[in-house]
There are 2 protein chains.
Amino acid sequence: MENLQIHIKVSPETFLKDPNASDLGRKIVSASISLINELGFEAFTFKKLGINIGSPESSIYRYFESKHMLLIYLTYWYWSWVEYKLVFAITNIKSTKQRLEKAIIILTKTVEEDGLFSHINETLLDRVVMNEGVKSYHIKEIDEENEKGYFKVYKRVVKRVSDMILELNPKYKYPNMLVSTVVEGALMQRFFAEHLPALTNIEKGKCNVTKFYNELVFSVINLHDD
Amino acid sequence: MENLQIHIKVSPETFLKDPNASDLGRKIVSASISLINELGFEAFTFKKLGINIGSPESSIYRYFESKHMLLIYLTYWYWSWVEYKLVFAITNIKSTKQRLEKAIIILTKTVEEDGLFSHINETLLDRVVMNEGVKSYHIKEIDEENEKGYFKVYKRVVKRVSDMILELNPKYKYPNMLVSTVVEGALMQRFFAEHLPALTNIEKGKCNVTKFYNELVFSVINLHDD
DNA sequence: CAAATATAATAGTATTACTATCACATTTGC
DNA sequence: GCAAATGTGATAGTAATACTATTATATTTG
């Protein structure tokens, strides 16, 4: 990917002070990604993060209301980034089928490269979302948080891909369910591959998750190869 | 379903003292299911549970090491119960296709009836698993807990259905991924239907989740209606 | 009837998830 | 160039959480 000066904008609702606008803010975000990876979300605390970056926890609280809101911020960033990759990947491609194939790759492949966006390690963030992402919405307060728009980019990503499916088969009844099944399912399968392999059919070095979901999507919308 | 005197056995590894063997134990389990539903898993505490049942929290700690282990117990019970329903439903049915169809119904339908097992409200437990189930394994300690066997019944349920798929199409490459996608996906779609409907295509009163996954499974293993 | 077991009642601890205050350094606006 | 605003550090404090420990009492069992 080219080294463009693109900036991922995260909804101001998710933070108290824009972490992207200061050194400390960027340090908080980038260190939190590594630390959540290291400790898991439950054991991760602002106190430990503060020690990690050499700042008091009170300074972190000036940026994020709680560690939950930090997770919301990170997932919001992640899905905005996925959306960007999605739009970029399908530009100038005329065939809807090819566009959908590209979309499935983006939604299902493990992120390996990174470096486009200065302070965020996309590979590590991809792991955070895989391991802890569901905790951002599996909460009692989901309805209020949904109303505040915390999940709107995620929903937009699903809609973009659903629309491709409807273009290919306007009669298909469950495009949103299909796409959300693929999106969440892919993260889950990658998690299972590492920890509960009996629930998967992953082979070393092979992109089986992508293959599996690609086959799944095209077979259910009745578009086997040509 | 008939009122059989069936007892769901949960691995002793999950508790300190068998909650099924005493009045207090059964009260703890049944009250915890309602209270987790009411408060969500994060706000749920043994202290509140104690107040709810009129016992000190120290008594609850004699049964379960932590609230996490209580969740493990509940999900273990749930999947054992699903396995029982699965085996019961396919007994004496010769057609593998019909068996798989029944299995998909069991794995994807919301639980509405209950009462077979005295102290556990299966409808409420189904909701706990839908809302909080992923938190039982999305933890840093997953590998050790997997080795202790906490997820073995869940894996067995997946295997039973995978085997049906392989019977129908021995060449299908991803039976485990397909089944775990269906199992987790169905819980997720039901959760989305309540809170993030934009991610679904649920219509009121219709079993779209079941229909969607049924169609998905049979189309990908190449077994459209006869 | 003694011993074992189960539960209640109470207390205590380290950690968590914050909130509040004040000092100081830096940036910015006029 | 100076005052005001802003950002950060340092420190303290609090209610709640997730436990552990101890003792007393009631009940069951051998």
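Owing to the predicted nature of the structure, the values given are computational and were not obtained by experimental measurement.
- A distance of 6.0 Å or more separates the ring centres of H195(B) and Y137(A).
- Of the residues F64(B), Y63(B), Y61(B), the one that meets the ring-ring contact (aromatic ring centres under 6.0 Å, His included) test with F46(B) is Y61(B).
- A salt bridge does not link E145(A) with K148(A): every distance from a Lys NZ or Arg NE/NH1/NH2 to an Asp or Glu carboxylate oxygen is 4.0 Å or more.
- Remark: nothing in residues 135-151 of chain A comes within less than 4.0 Å of DNA chain D through any heavy atom.
- Between E42(B) and K140(A) there is no salt bridge, since no side-chain nitrogen of the basic residue lies less than 4.0 Å from a carboxylate oxygen of the acidic one.
- By the ring pair (Phe, Tyr, Trp, His ring centres under 6.0 Å) test, F151(B) pairs with no residue at all, sequence neighbours left out.
- The salt bridge (charged side-chain N to carboxylate O under 4.0 Å, His left out) contacts involving residues 24-35 of chain B comprise D23(B)-R26(B), where partners must be two or more places apart or lie in separate chains.
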*asked:* What does the B/S/- profile of nucleotides 24-30 of chain D look like, 5' to 3', with a 4.0 Å heavy-atom cutoff to protein?
replied: -------
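- Remark: T45(A), K48(A) in residues 12-51 of chain A come within less than 4.0 Å of DNA chain C through at least one heavy atom.
- We find that E194(A) and R127(A) are joined by a salt bridge, their nearest charged nitrogen and carboxylate oxygen being less than 4.0 Å apart.
- A side-chain donor-acceptor contact under 3.5 Å links Y213(A) and T181(B).
- Inspection of the K155(A) and N146(A) side chains reveals an N or O donor paired with an N or O acceptor under 3.5 Å.
- Of the residues in residues 58-76 of chain A, those lying under 4.0 Å from DNA chain C by heavy-atom distance are S58(A), Y61(A), E65(A), S66(A), K67(A).
- The ring of H138(A) has its center closer than 6.0 angstrom to the ring center of F191(B).
- Residues S180(B) and Q189(A) have side chains that bring a donor and an acceptor to within less than 3.5 angstrom of each other.
- For the residue pair T200(A) and N176(B), no side-chain donor N or O sits within less than 3.5 Å of a side-chain acceptor on the partner.
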